[in-house]
Structure formats: C-alpha cells, structure tokens
Amino acid sequence: MADLSTARQQQVVATSPVLRQLPPASRFVLRGGPQALVAAVGALGLPRSDSPCRAVRNDGRAALWLGPDERLLLGTADAAGETESLLQRALAGMPHSLVEISHAQGAFELRGARAATILNTGCPLDLDSAAFPVDMCTRTVFAKAQIVLWRTGAETFRVETARSFAPYVTKILALAACEAMS
Amino acid sequence: MLLIDCPYCGARPELEFVYGGQAHVARPRNPAECSDEQWADFLYWRDNSRGVHAERWRHTHGCGQFFNALRDTTNDHFLATYRVGEAAPALERVARPRT
Amino acid sequence: MSATFRAASGGRIDRGRPLHFRFDEHDYTGFAGDTLASALLANGVHLLGRSFKYHRPRGILAAGAEEPNALVTVRRDGARVTPNLRATQVELYQGLEAQSQNRWPSLELDLGAVSGLLSPFIPAGFYYKTFMWPRNAWQRLYEPKIRAAAGLGRAPEEADPDTYSSRFAHCDVLVVGAGPAGLAAAAAAAASGARVILCDEQPELGGSLLSEATVHSEAVIEGEPADRWMANTVRTLAAHPRVTLLTRTTAFGYFPHNLLGLNQRLSDHLARPDSGQPRERQWQVRAKEVVLATGAIERPLVFPGNDRPGILLAAAARTYLNRYGVLAGSRAVLVTACDAAYQAALDLHRAGISVKAIVDVRSGSADGVLPEAARRAGLPIETRSTVIGTSGRLRVSAVRIQRLDASGVPAGPARRMGCDLVLMSGGLTPSVHLFSQSRGKLAWDESLGAFLPAQAAEPVRSAGACRGVFSLAAAVQDGTRAGLAAAQSAGITVAAAIAQMPPPETSAVGILGALPLPRGIRTGKAFVDWQNDVTSRDLALAAREGFRSIEHVKRYTTTGMATDQGKTSNINALAIVAAELDKAMPQVGLTTFRPPYTPISFGSFAGFARGELFDPVRTTPMHDWAARHGAVFENVGLWKRARYFPRQGEDMHAAVARECLAARGHCGLFDGSTLGKIEVVGKDAATFMNRMYVNAWTSLAVGRCRYGILLRDDGFIYDDGVVARTAEDRFHVTTTTGGAAGVLALMEDYRQTEWPDLDVWLTSTTEQWAVIAVQGPSARRVLEPLLEGIDISAAAMPHMSVARARICGVPMLLMRVSFTGELGFEVNVPADFGPAVWQAIYDSGQKHEIAPYGTETMHVLRAEKGYIIVGQDTDGTVTADDAGLSWAVGKSKPDFLGKRALQRPAFASPYRKQLVGLLTREPQCVLEEGAQIVSTPQRAAPEAAIGHVTSSYYSASLGRSIALALLRAGRARMGETLYVAMPDGDIPVQVASPIFYDPQGSRLNG
Ligand SMILES: [Zn+2]
C-alpha cells in the first residue's frame, strides 16, 4: 500500500516578484476562556499577550489574536503533532476547543515598499504603519474574500486565506502588484 | 460605507460586519410557556425607529463577535457600541458627534 | 486647417507639441495642454452638437465639468467608444477621434431641426401629456423614436477591453479641489504634519488660478504673483512624503462617515496607453476630516436666443484665452450682472479682441473697480440695458440690445449689434454638491443670492468660493484656515494660529432667474437648461399648471435631469419658479444633490470584479483530477462542482444513467468536499447541539452518526446534514454546501447571545477536509486494501458510524454514511492529501468497475431514495413533518430551535403541503421541476394549484421517471391520479411514496 503522507499538495496560487506562496504550515484554531488561552500561549513558549489584534511569535511558532476567545496558532508543517500534544497536556481540565485547520488555509507573503498599497486594492483597512503596526493581525476582507492579515515586518505582510479563495485573492494581488510597479 | 466601532477591535469598515437586527430581543427562557401572541411578538415584531435604534452587529470578518450599537437612523451616526450582556448606555451620556 | 484663432503667445499649452486630431470628418491641429473644446475653438469650430429636444445648433458654453452642450463621443477602436463626454474635459492627444452627437445626417444640416419648427407644440410635460396612451405604443413606438431623435451618444456594443482598478485609502485631511483655497488648505494641513490627500478633476493642480493670465497678470497671493505662488505650493506639496496628489481625479460621491468616492482617470489622456495599464482607478477614501474647496460655477443669463454657438460664459471665454491662448471670437459683446465678468472683457480687449459693448443688466451705474478699469480702457458700457434677442444660424452674428426703463423692463428702441462672440455672466453659484451629498444642510444667503453650506453632518469644512468667499486673497486665507482647523480636528497639534472664518462676499451678487422681457412682443426661447432644452417659459408653465415644489417642477419639465445634473441651470430654474409663485427661494426648496458629481463609467465601479474575477471561483482539492477526466462542472454557490463525467459520445442523460448504474451496481466515487463542516467542541457540546438541532444528541454514542435537522425558530427547515460524534465533547457537523456560512453564523449567534454560559466553541473545518464518497456494493472492497488500523466490516463499522484511522498513511476521519441508499463511506482526509488519496481509491476501484460521478447523478440517486435537498425540496415554508422527517425530531426534549413554533395549530393541519412521490402514467415522461399540480383535468375555469414538483429525474435503475413534489394533504392522497399542468396539456401522475428504490433500506446495511 502506498504511503501518501508526503503527497501534500497545496492550492496553487498566482505569484509575482512581490508575492510568494509560503510553505505548508500547521494551523490550529484555539477557542476558550482567558485561562486556556493564556496557558496555551505559555505552553508553546510564546510571550504572553492579551492585546487585541496582535500576534506573538518566536522561532517557528506564532499565536494570532483573532477574537477575544480565539487564537490562530501557526507552526511549521511538521509541528502539528507536537502542538496538539503540548496543548492537550497544558489545557487539561480547562474548557477550550482545539481544532486543526492546517490544510484549510493557504498562506502567502507580500513584500516591498508598495505592499500596503497593493493590499489596499481590495482591503479596506488603514495599513499605515501607525494604524497597522508590525505584528498587528486581524481577520478582514480582501475584495470578496475573507483573509487573515498579519504585518510581519515594516514592509512584509502574511496573508492567510481559505484554500479555495487563494487563487482569487492572489490573482487580484498579482494584478495589483503589476499595476503598482508600473 | 459606515465606520463601526467594534468594542473589541476598534473602528472598522462596514464591509467587515453583518447587521443583526434589533438588539435586546431576548429569546424567551421557556418558549413552551409562551402564548402564540408572545411567541409571534418575539419572532416577528420589531421597532422601526426614526431616531436612536438599538441594534445588533456582528464583526463577522473580524473578531467574530456580536455586539450592540445605538445608531441614529436619521443620519447613520453611531452614538455608542457595547458588548453583548451590557445594558444600553443612557442616551444623555453618549457623546454626540460634532455637527 | 490652420489654427487661426490662437493668440500669439500666452497660455499653458505647449506650442512646441502640435497634436493632430479629428472631429467628425475633419482633421485639425491643436497643442499639448489643449482640451478638445479649446482646440476646436482655436480652429474656429463653434458648432458641436444639436440640442436634445429642438435640435438647435449648440456650441461650447463653459470650460469645465459644468458644460451642458458640448457632448462628444470619443472613439479609439470598435470597443473603446465613450459617449457623452464633455469636450471641455477631454484632453487632447495625438490622433484623438471625436464625433458630435445628436445630429443626422450631419451637424450642419440636421433634419431633426424640423422639430424646432414644431417647437411651440412641445411645451413642458409634452411627452407625458402626449404619449400616455396606449401604453403599448409608448414602449414600442414613441419611446424608441424619441430616444433616436433625442439621442445622447450610443453605448459601445462590444465588451469593454480596458481594465479598471480600485484602492482604499485613509488620511487625516482630504482636500477636494486644488484651486487657491484647496492648495492653501492642503499646504497648511501638510505643514502641520497631517496625512493629506488633495484631489482635483483637472490634469493640473491650480483650479481657477490656471485661468489667470500667464502674462501681465495682476493676480497676487501672499505678495507673490499668483502663478509663482501656485507653482511653489504645488512643488512643496509634491515633495511632502505624507501628501498624495491626485490629478484627473473627481470626488464624485460623499458617503456616510466621511467616505468619499474618487474617480481617477489614468490613461484617457494618452495617445497610446500601455497595455495592461488600468484606464481608471476608483478610490474609496476614508478621511478623518474633509475640506471642500470645490469653487463656484458661473450662471448663464436667461435671455431670448441665449443658446447660439458663440455665446459663452464670461469666465469660460477668459479661461480659453488665458489658459489655452484661444481667441473665442473677434468681436465680442459682454452681457453681465456682476462686476467680476468685466475682467473677461478687459483680458479679451488686451488680447486684441474688439469688445463691442458691455451690457450691464443691473439697475446700478456700474462704478466698481473693474467697470472703472473697463471705462479707462475705452470699452463701451451700456448700463441698465439688456439683450432681448440674438441672431445667427450656426453661430451668433448679432444681439439686440434694449435699455431698461425705470421699472426694469426693456423699452424704447432696440439696437442691433453685430458680433461673433457673446460673453454672459449672471454671477457665481457656489458648488455645494458634495457638501449637500454629505447630508449637510444648506442655507439660503439672501445678500449673496446663493445657497451656502450651513450645518455639517460629517467632519467637513468648506473653503473659498464654494462657501461664497470669492476673492483670491480671501479664498487663500480661508483655505489656510480650513486646512489648519481640519488638521487640528484630526488630532494633530497645530502650531500656527487659526484665523477666523471670513464672511461670504456680497460684492459678487449677480442676477437670478430670467432677464426681463419687453412687453407685448413675442421673443425667442430663453434657455435655462441647455442640455434638456428647458426654457423659462416651460418653467413658468409648470408653475401655472400647479406644480409647487421644485422637485415636482424638475420631474415635470426635466430641468436639471440631464447628465450635467443642472450645474448651470438649477438656481436660475428655481428663481424663475419662485418668481412665478411669488415665493422666496428657500420656500420653493432646492432639489437634492446626489452622487455622482459627474458621470462615472461602469468600469470604474466594477474594478477588478469582472470576468473570472467577478466572484471568487472556489474549487475542491480534486478539481484538477475531475477536469482532467472530462468533468462538466456546474456552479453551486461560488463552488465549481463536477456535474457529470461524460465518456466519448455521451450526453448528460447517457452519462448520468451510466454513473447511476455503476454506483448501484458496483461502486461510485464522488467529491463531497464542498459540504460545510463545523467542529462543535466543549463540555457542553451535546447540550448546545440539543438546543440547536431537532434531534436527541445526548443519546448519540461516541463513534456514531445521525442525520440532523436544523430549524429556524419559526419552525421551518433551515438546513440538514450528517452529524458525527467523534468524542464525548466533540461533534463533527456537516451542512449543505450552500448553507455552511449561514449555519455557522446562526450557531454563533445563539452561542454568543442566548447561551453564553455554555462551554462550547465552533470552528469551521469545511476546507480542512477533502471528502471522498465511496458508494456502492463494492465500496468496502475498494477501500479495505488502503486502510490501516481499522476494521470496516459490517459488524465492526455499521451504517452511521465514524472512526479515525489512516488511509495510505494519511490521517483520516471515516464515516459510514450514504446519500445514495447503497453501502457507503465518506473518506475525510486533510485537503492537501485529497488528490493523492482520491487517485489511490480510484486505482483500487479499477477491478470493481469504479466510476466517478457528479452532482447530477448524486441528485438522481438521492431522489430515488426520497432524500430531500434543502432549498430544492424545501423552500423556507416546509416543516420537518411536511418533509416526512418527524421521526428525527426529539419530541421529549424541553426545547430546541423551532420547537415552540411546531405547536402552532397551523402546523398540525392535515392540509399542509407534504412531500410525496409522483409517477407519471407515461414512464418515459420526465416532469418539469416547478410545474404546478391540479386535481381536475381539462378545467373549465382556472384552478388553484395544490402542489408543485420539486425534483424530477429519469431513473435508469428503475427504467422510468420519478419525481418528488410538495402536495396539499399529500400523504392522504397515495394512489390518487392528479395532473401536472403544462402549456401543451396536462400530464397525469399518480401520487406515490417518495421512496422509489429499496424501500426497506436493506442495501444500506450491506
Ligand atoms: Zn471586532
């Protein structure tokens, strides 16, 4: 019997010099009360933070505040099992919900001085660095799709979108990038 | 496009929100004890205010939370937004926008 | 043709860059920096079109966005044809091709002008009065004829090949209009550190400053010549990192909460736009503060014959001279009601145009600074006089001047004055369009004779001419004041002192409404609205016929309803109606200003949302496999789903019949990935499910599945799907494809707002899983070789069970469920593994004659079993009992969504529509979905339908057609013969059980 566990096939997206697809990742949605959320971030070795719309990260892992009872936990693709077992141990007895969505979303990175302008083709948020500083993250919209937007650097954004919306979002971003560069 | 102050995330564009109808219409705790009239009242009858209206919004494409708002239906100004479970702020205490 | 009407020097055109262009069938030359209008005038072309109703010759009236007459069609190629452009705003480029509109067969010889001869018979409301009956004739006859005769430009017939872009932007201060006040406001706000966007509809910043003379200009700002101040200010702004300057950008709409729509034209001015460069970009700008510096528009004077080519607004003639170096004529008459227009006469005089007369229609003696300057320059001034008529066929050739008597009425001898250019000025109307769109209140300023911005409804300020501050120095001061105040209100610490608001200026008052006419003489038409051909007489007639509100007068006479939205005409129209009704202006009211300020292309609004990017196209992980295997797809919401997999030579009917037989006979493979999936997790998950769904969930054991039904609180079916309990505190809930988002939102609503005390959370996992349905008697044998860690024998894994295991080394959630009535499994694997696992199952199935099937076969298979599809067999008025599903309802539960509604007596009525099967008498006849059912054949009188067909297919397994229907008292009608009414006759049907295939359900348990 064939072992297909290496046959992971991400949704193909449009890329451009400023837009690249990020490698597969592990993703979990953690929902629960404040106690569980704090404990989880600690168990993953991440800095504690309750600030709305902010991400915390260390090497290879990140926790993104998506709502008062919701964090998106990102890690490398091979970290899914470890994340799950760490959290099961740390959260035992605390009400919470941990659901893996590693394959539900795709991620890509937009980079460069024009990155915010390109995103503003379809994203209605103020992406000025004063209004949307590094490590701000939020669910928002891009044209007719929902995305998770995380500013990972002064000129770098990570965009997460449901896998079936990825071609749509990246096609518009690629067009917008083309236009912004011309 | 309105600018709506999510009590969790701050001011965000209307594109991220879904309207949720009139606020403070609680589902009866024990529906079986409601008369048909009471049940119909809960299900179907809503205010159609000219002026301040307490209404629900959900920050669907944001933090996902439902919250309540006081909006003046004559000019779309929001007088206040507040979390589910909180009482509506007294009108004299909410700031009116500059005119 | 050589440009003979160009001044020897001056203007902002580039005389080193001649541009060749074509208007109608003639070639002309202009210069870079020209508009089509200025270039035509420079070539002596004044006749640009025919009027809407009377086909009168019309020329250029204005020099900007307010132009009502000079509408042209600009054509680049077959698809790139833009009608109804104002020639005054079309920038000239090499090779531009433009055509006049509304003329046949040619501009000079217009057969439609016959209607001009009939014009006494076309008064206000003529169309309404004449073409009311018969109704049919309006649609078939009159309306197309009127349109053809009236003809604005024609829309292009090919798809628009250009691309359009969009952008959201934010700023502290948005300044609309880059004239003196706007430049000053932007400069002041930017110097304070504000993030500023300055937009202007023109290709160059400067607004009215661009119309100042470039040589000998007396205009001075802050001690410098105005053009140097303008250049310096623009340079400073352009260098500022926090300032965005947008030229060719019209702020067309003011929406709630300080959101403004801007239309930026990126390539219309280019001879050869780069391929791929968007044509326009639509901005949605959210500004903390807005400064409107939108200027003012000069009012025409309403006198008989005021519409001939060669009659221009005074400021427009001045713009053509000073900005474009164009001499709009050689012998000019100025008719004016204000001092400011004298400047135009002075400028024209200095350029060598003979000013034959200045006719001042006011009662005073014209002794202001500018009239005195005109006198010193030797220009003949006729005070207390008016124009009572003009002549000239295709261009004005003379005016008739008459003195006003003591009562202000023209009397005494009329004098004919030959001329080829008439300038007119009735004064200035502040442009309050955007302020009014923002729901700000306007107030009538009696001393100025204008509506001015009063109470704001948004954080917005007006500055300069748009609030009646007309003089250059005052407008700049006012702009600085507004810019600083806006920055401060935006939260920025402003160092400079903020000046007081200067009051509006009353020296600029002109005249409103129609000029007086001589008594007892029939004069020609005096136009108020050039574009819709509305005269002062039409408006007076409307008032006499009883119209009182300006909104009604507008609709009756069509004044202000053309594409220019009455920019030059509204105030005059209002004044005429007010005078006729003997009311004050504010009592008659002002028509509402609505977006857009000028017409905006559809493309601008569509932006990227066209073609393949109109909507997201969602595909499943197995989409490419299906495409490679020839699948025909159908749209289900935003999803593309494989509908059927035709083999060589098969049509849909043949493919579906083969796929159905394969699934029933051997094994079918189906992509169910689009089904919605929600993970319901928490200690109170079962309680939550009990309250949401009708079923009893507490009794569902871990490892088991159940068919769940979700009602709304009104008792009607909202969604359904299989629910698997994968742990004590965890349910894997599936929903319909289309219902996924709605079900999650409904669940979140109740969770957050009704039962926040429950420990339960929801997460969408729709896209986490690729769902591969393996259905048919061979399903087990197809799967078994690929699995590890699980026994899927009938005993170990009965129908409606769920387990975690691995398939091909990949983690899997396996559900034994069936939407076909056959032995079936649904393999859920993480989406990225979907294609490989699908292929492995397909390969394994080869020896079992496995066949992929699509949604069409899925529909037939489920209909053979009487399984409903929510939204097809239900329509929002169907209860669980109506659908024959009352067995699923946990009746002993104290409450669930919709339970209370089920106690309503109406829901217990035996006459409700119930789900039944229908068998046609003729087995090969397939009913039409949606067809109506009646009980009597060959009805003498119409009969109310007692039901309708909801699903209908040909069943290859049964060798006949089947149908599902909602039928009144349906379950009590088993065996009855009814009739499906169709246009070509009734189709007799027999009412049957909705379960057509394997009614005992034994195949499920195979
Ligand atoms: Zn929020």
Side-chain angles (χ1 to χ4, degrees), chain A residues 1-12 24 27-33 69-70 77 80 95-106 117-128 130-131 143-145 161-169 171-172 175-176 178-180 182, chain C residues 163 165-170 195 274 276-278 281 284 286 607-609 612-613 615-621 638-639 674 679-685 729-730 759-770 785-788 806-811 830-837 840:
Chain A
M1 182 192 66
D3 181 0
L4 301 178
S5 57
T6 56
R8 190 167 172 178
Q9 195 176 318
Q10 287 200 99
Q11 177 69 278
V12 178
R27 299 178 177 87
F28 289 87
V29 171
L30 175 66
R31 301 194 69 176
D69 63 353
E70 184 176 8
H96 73 280
S97 152
L98 183 69
V99 176
E100 187 181 352
I101 57 157
S102 300
H103 292 237
Q105 292 178 186
T117 306
I118 293 165
L119 278 165
N120 274 141
T121 294
C123 173
L125 297 182
D126 186 354
L127 300 179
D128 185 67
K144 296 181 185 175
T161 181
R163 61 177 293 129
S164 69
F165 283 91
Y168 169 80
V169 171
K171 269 180 210 164
I172 298 180
L175 278 175
C178 207
E179 177 206 322
S182 66
Chain C
T163 58
S165 176
S166 57
R167 187 167 299 167
F168 293 94
H170 294 76
R195 197 161 34 138
D274 294 344
Q277 179 185 21
R281 177 183 292 129
Q284 292 184 62
R286 179 86 65 183
F608 286 108
E612 62 162 3
L613 295 176
D615 261 338
V617 176
R618 306 178 70 183
T619 59
T620 73
L638 297 176
W639 290 100
T674 64
E679 207 78 347
V680 178
V681 186
K683 140 173 100 54
D684 297 321
D729 63 350
R730 189 177 281 252
D759 275 338
V760 64
W761 290 275
L762 314 167
T763 306
S764 168
T765 55
T766 300
E767 302 226 32
Q768 165 69 10
W769 302 105
L786 307 177
L787 306 177
E788 56 185 297
R806 295 183 95 76
I807 181 167
C808 307
V810 168
D832 288 350
F833 297 126
V837 172

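Residue numbers begin at 1 in each chain, while the letters A, B, ... track the order of the sequences. Values below: every heavy atom of this structure, side chains too, minus hydrogens, waters and symmetry copies.
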Checklist entry - C:Phe608 versus chain A, heavy atoms under 4.5 Å apart: side chain, backbone, both or neither? => result side chain

Checklist entry - Can you tell me how far CG of C:Asp274 sits from CD of A:Glu179, rounded to the nearest 0.5 angstrom? => result 12.0 Å

Item to check | Criterion side chain to side chain contact (heavy atoms under 4.5 Å, CB included) on C:Lys683 and A:His96, from CA distance to verdict | outcome: CA-CA 8 Å; C:Lys683 140 173 100 54; A:His96 73 280; over 6 Å; no

Checklist outcome for this item: Honestly, the part of C:Ala836 sitting under 4.5 Å from a heavy atom of chain A is both

Item to check | Residue, of A:Thr6, A:Ile172, A:Asn120, A:Leu175, that accumulates the most heavy atom pairs under 4.5 Å with chain C | outcome: A:Asn120

Checklist outcome for this item: When the 4.5 angstrom heavy-atom criterion is applied to A:Pro167 and chain C, the contacting part is neither

Checklist outcome for this item: Greatest number of non-hydrogen atom pairs under 4.5 angstrom with chain A, of C:Leu613, C:Val810, C:Thr620, falls to C:Leu613

Checklist entry - Top residue by heavy-atom pair count (under 4.5 Å) with chain C, among A:Gly122, A:Ala143, A:Gly32? => result A:Gly32

Next on the checklist: At a heavy-atom distance under 4.5 Å, which candidate from A:Gln105, A:Arg27, A:Glu100 has the highest pair count against chain C?
Outcome noted: A:Glu100

Next on the checklist: Please evaluate residues A:Asp128 and C:Arg195 with respect to the criterion side chain to side chain contact (heavy atoms under 4.5 Å, CB included), reporting the C-alpha separation (whole Å), side-chain torsions for both, the decisive distance (0.1 Å), and the verdict.
Outcome noted: CA-CA 10 Å; A:Asp128 185 67; C:Arg195 197 161 34 138; 3.4 Å; yes

Item to check | C:His170 side chain near A:Leu127 side chain, heavy-atom distance below 4.5 Å | outcome: no

Next on the checklist: Quick one, C:Val617 with A:Tyr168, criterion side chain to side chain contact (heavy atoms under 4.5 Å, CB included). Give me CA distance, side-chain angles, the key distance, then yes/no.
Outcome noted: CA-CA 7 Å; C:Val617 176; A:Tyr168 169 80; over 6 Å; no

Checklist outcome for this item: Most contact-rich option vs chain A, by heavy-atom pairs under 4.5 angstrom, among C:Asp684, C:Val760, C:Val680, C:Leu762, is C:Leu762

Checklist entry - Ignoring hydrogens and geometry, is there a side-chain-to-backbone donor-acceptor pair from C:Glu767 to A:Ser164 under 3.5 Å? => result yes

Checklist entry - Salt bridge between C:Asp615 and A:Lys144, side-chain N to carboxylate O under 4.0 Å? => result yes

Checklist entry - Where on A:Leu119 is there a heavy atom nearer than 4.5 Å to chain C: the side chain, the backbone, both, or neither? => result neither

Next on the checklist: For the interface with chain A, which of C:Glu612, C:Arg618, C:Gln284, C:Glu679 has the highest count of heavy-atom pairs at distances below 4.5 Å?
Outcome noted: C:Arg618

Checklist entry - Can you check side chain to side chain contact (heavy atoms under 4.5 Å, CB included) on C:Trp761 and A:Asp69, steps first, answer last? => result CA-CA 9 Å; C:Trp761 290 275; A:Asp69 63 353; 3.6 Å; yes

Checklist entry - At what distance, to the nearest 0.5 angstrom, does CG of C:Asp832 lie from CD of A:Gln10? => result 5.5 Å

Item to check | Contact origin within C:Thr766 toward chain A - heavy atom pairs under 4.5 Å | outcome: neither

Next on the checklist: Quick test of your reading of the model: are C:Arg806 and A:Asp3 salt-bridged, counting only N-O distances below 4.0 Å?
Outcome noted: no

Checklist entry - Any idea which of C:Asp729, C:Val681, C:Thr765 has the most non-hydrogen atom pairs under 4.5 angstrom with chain A? => result C:Val681

Item to check | Exam field: side chain C:Gln768 to backbone A:Ser102, donor-acceptor pair closer than 3.5 Å | outcome: yes

Checklist outcome for this item: Under 4.5 Å to a heavy atom of chain A? For C:Val837 that would be both

Checklist outcome for this item: To the nearest 0.5 Å, atom CG of A:Asp126 lies from atom CZ of C:Phe168 at 12.5 Å

Next on the checklist: Which atoms of C:Trp639 are under 4.5 Å from chain A, going by heavy atoms: the side chain, the backbone, both sets, or neither?
Outcome noted: side chain

Next on the checklist: At a 4.5 Å cut-off on heavy atoms, which part of C:Arg286 comes close to chain A: side chain, backbone, both, or neither?
Outcome noted: neither

Next on the checklist: Looking at A:Arg31 and C:Thr763, would you say the former's side chain and the latter's main chain have a donor-acceptor pair under 3.5 Å?
Outcome noted: no

Checklist entry - Are A:His103 and C:Phe833 close enough that some pair of their side-chain heavy atoms sits under 4.5 Å apart? => result yes

